[in-house]
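As structure tokens, the structure follows; a few thoughts come after it.
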Amino acid sequence: MKKIPVKNIDDISEFVMINQGNTAEIYQYGDTEILKLFRDDMPFSLINKEYEIGKEVNHKLKNTPKVFEMISYESRYGIIYERITGGDMIGAMLGKIYRIRKYSRTLASIHLEIHKNRIDILNNVKEYLCENIDSADVLTDSEKDKIKSYINKLPDKNNLCHFDFHPGNVMIQDNTFYVIDWMTACTGDANADVARTLLLLRYGELKYGNHFIKAMVQIFKRYIGKIYFREYKKITGITKYDTEQWILPLAAARLTEWITDSEKQKLLKLVKEKLKYLKD
């Protein structure tokens, strides 16, 4: 991993926070840029990785925000990005509910365009999953070994996978769609990336944000997932099995992420149930 120059910022009081997520706060940074300031428990190695991946993705895909520089503020680190002035696809869906079907189909088309690319990134999907599963303290060593052995039998491919692809990570500016948040990007089977999106839409819960938005997202996300997956299957010809075979390791790996206790319990239950049917 390359050592990236880091610019120090002494004061962020002049910047206005415009959004926040589970891992970072987003600030307006001048007229054309934003500062993604990560929470202080986010490892620097992951932030550095997001910066490197963002630079590589800029070369491959047109509709991704430009990555400019890394900064530090007190004990936290951040990345300066090109500012996309529109809202995200979730907001667009909830603002005009009659467009949910259209946007869900668009989500599938955008995802497929990502999967057509090849980028040499540090980890592949299987390595990423195994590393996270090893860190899952709610799983026994025996359970981890079973899941990792199962992972080794899954398909090996080299599609570019975003691995955090959902409507909240697609921004809309002047009717153009921009995909953001590439920290978890890796290479592997595109079906694993599709399955990851389905897992997020089925079980994902927001830690931060307006209560109304969180409630609305919970209501509509499964419907969004159905339309998205139906369209992706229609375009590519994949089957339900192609994605469902990835759900066990994906759910197990997500147990180590910044998720709510409620989501963690649901995923742990899912993992335990699927392990019952896993052959030794």
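Remember, it's a predicted structure, so these values are computed and weren't measured experimentally. Nothing fancy with the numbering, it's 1 onward along the sequence. What's counted below: heavy atoms across the whole structure, side chains too, no hydrogens, waters or symmetry copies.
Here the shortest heavy-atom pairing between Asp193 and Cys161 reads OD2-CA, 3.3 Å. The heavy-atom pair separating Val6 from Ser72 by the smallest distance is CG1-N, 3.6 Å. Residues Asn63 and Phe177 share a closest heavy-atom pair of CB-O, 3.0 Å. Between Ala192 and Val125 the shortest heavy-atom distance is CB-CG1, 4.0 Å. Ser75 and Asp40 make their closest contact through OG-CB, 3.7 Å (heavy atoms, listed as atom of the first residue, atom of the second, distance). In this structure, Arg196 and Leu250 approach most closely via the heavy-atom pair N-CD1, 3.5 Å.
With rounding to the nearest 0.5 Å, the separation of CZ in Phe38 from CZ in Arg76 is 10.5 Å. Rounding to the nearest 0.5 Å gives a distance of 9.5 Å between CD of Glu244 and CG of Leu199. Distance check, rounded to the nearest 0.5 Å: CG of Asp88 to CD of Gln173 gives 13.5 Å. In this structure, the separation between CD1 on Ile53 and CD1 on Ile119 is 9.0 Å, given to the nearest 0.5 Å. Residue Thr64 holds its OG1 atom at 9.0 Å from OH of Tyr178, rounded to the nearest 0.5 Å. Atom NE2 in His162 sits 13.0 Å away from atom CG in Asn117 (nearest 0.5 Å).
Met171 and Ile34 fall into different hydrophobic clusters, where Ile, Leu, Val, Met, Phe, Trp and Tyr residues are linked whenever their side-chain heavy atoms come under 4.5 Å apart, directly or through other members. Linking ILVMFWY residues whenever their side-chain heavy atoms come closer than 4.5 Å, directly or via other members, leaves Ile180 and Leu112 in distinct clusters. No continuous path of hydrophobic side-chain contacts links Ile110 to Ile84 [ILVMFWY only; heavy atoms under 4.5 Å]. Following chains of ILVMFWY side-chain contacts shorter than 4.5 Å, one cannot reach Tyr98 starting from Tyr228, and the two form parts of different hydrophobic clusters. Under a hydrophobic clustering in which Ile, Leu, Val, Met, Phe, Trp and Tyr are joined whenever their side-chain heavy atoms come within less than 4.5 Å, directly or via other members, Val16 and Ile12 fall into different clusters.
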>> Before you tell me yes or no, could you show the steps for Tyr51 and Val67 under side-chain contact (heavy atoms from CB on, under 4.5 Å), namely the whole-Å CA-CA distance, both residues' side-chain angles and the distance that decides it to 0.1 Å?
In response: CA-CA 7 Å; Tyr51 178 89; Val67 181; 3.6 Å; yes

> Going through the checks in order, is the side-chain contact (heavy atoms from CB on, under 4.5 Å) test met by Arg230 and Ile227?
Replying inline: CA-CA 5 Å; Arg230 186 183 303 158; Ile227 304 301; 3.7 Å; yes

>> What verdict does the side-chain contact (heavy atoms from CB on, under 4.5 Å) test give for Leu35 and Tyr73, after you've listed the backbone C-alpha separation in whole Å, the side-chain angles of each residue and the deciding distance to 0.1 Å?
In response: CA-CA 11 Å; Leu35 163 61; Tyr73 168 69; over 6 Å; no

> Passes side-chain contact (heavy atoms from CB on, under 4.5 Å), Trp182 versus Val179? Steps please.
Replying inline: CA-CA 8 Å; Trp182 289 85; Val179 182; 3.7 Å; yes

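Of the possible polar contacts, one joining the Asp11 side chain to the Ser13 backbone as a donor-acceptor pair under 3.5 Å is found. Listed for the Thr187 side chain is no donor-acceptor partner under 3.5 Å among the backbone atoms of Asn159. Judged purely by atom type and a 3.5 angstrom limit, Lys264 has no side-chain atom pairing as donor or acceptor with the backbone of Ile259. Under the 3.5 Å distance criterion, the side-chain polar atoms of Lys146 are left unmatched by any main-chain donor or acceptor of Leu278. No donor-acceptor distance shorter than 3.5 angstrom exists from the side chain of Asn191 to the backbone of Ile238, with no hydrogens or angles considered. Gln20 contributes no side-chain N or O that, together with a main-chain N or O of Glu25, makes up a donor-acceptor pair within less than 3.5 Å. Distance alone, capped at 3.5 Å, is enough to place a donor-acceptor pair between the Asn169 side chain and the Asp164 backbone. Without hydrogens or angle criteria, Asp242 side chain to Thr239 main chain gives a donor-acceptor distance under 3.5 Å.
Heavy atoms from other residues, nucleotides or ligands lying under 6.0 Å from CG of Asn152 number more than 12. Other residues, nucleotides and ligands place more than 12 heavy atoms under 6.0 Å from the CG atom of Asn8.
Side chains of Ile79 and Ile47 form a contact here, defined as non-hydrogen atoms less than 4.5 Å apart. Considering only heavy atoms from C-beta on, Ile114 comes within 4.5 Å of Leu61 through its side chain. The side-chain heavy atoms of Thr260 and Gln265, taken from C-beta on, include no pair separated by under 4.5 Å. The closest side-chain heavy-atom distance from Leu37 to Ile71 is below 4.5 Å. The shortest side-chain heavy-atom distance between Ser104 and Met93 falls under the 4.5 Å cut-off. By the 4.5 Å heavy-atom criterion applied to side chains, Gln245 and Leu154 are counted as neighbours. With a 4.5 Å cut-off on side-chain heavy atoms, Cys186 and Asn124 do not count as touching. Side-chain atoms of Tyr223 and Arg101, non-hydrogen and from C-beta on, do get closer than 4.5 Å to each other.
Tyr77 and Phe44 have their aromatic ring centers within a separation under 6.0 angstrom. Taking the six-membered ring for Trp and the full ring otherwise, His111 and Phe229 have centroids separated by 6.0 Å or more. Ring centroid separation for the pair Phe68 and Tyr81 does not come in under the 6.0 Å cut-off.
The residues Glu263 and Lys266 are annotated as not salt-bridged, no charged nitrogen and carboxylate oxygen being separated by less than 4.0 angstrom. Taking 4.0 Å as the cut-off between side-chain N and carboxylate O, Glu52 and Lys49 do not count as a salt-bridged pair. Salt-bridge check for Glu50 with Lys36: passed, with a basic side-chain N closer than 4.0 Å to an acidic carboxylate O. Ion pairing between a basic and an acidic side chain is recognised when a charged N comes within 4.0 Å of a carboxylate O; Lys272 and Glu143 show such pairing. In summary, Lys144 and Glu131 do not engage in a salt bridge, as defined by a charged side-chain N under 4.0 Å from a carboxylate O. One finds a salt bridge joining Asp134 and Lys148 here, because a Lys/Arg side-chain nitrogen approaches an Asp/Glu carboxylate oxygen to under 4.0 Å. Salt bridge status for Lys126 with Asp189: absent, with no side-chain N to carboxylate O gap under 4.0 Å.
Between the side chains of His115 and Tyr232, at least one donor N or O lies within less than 3.5 Å of an accepting N or O.
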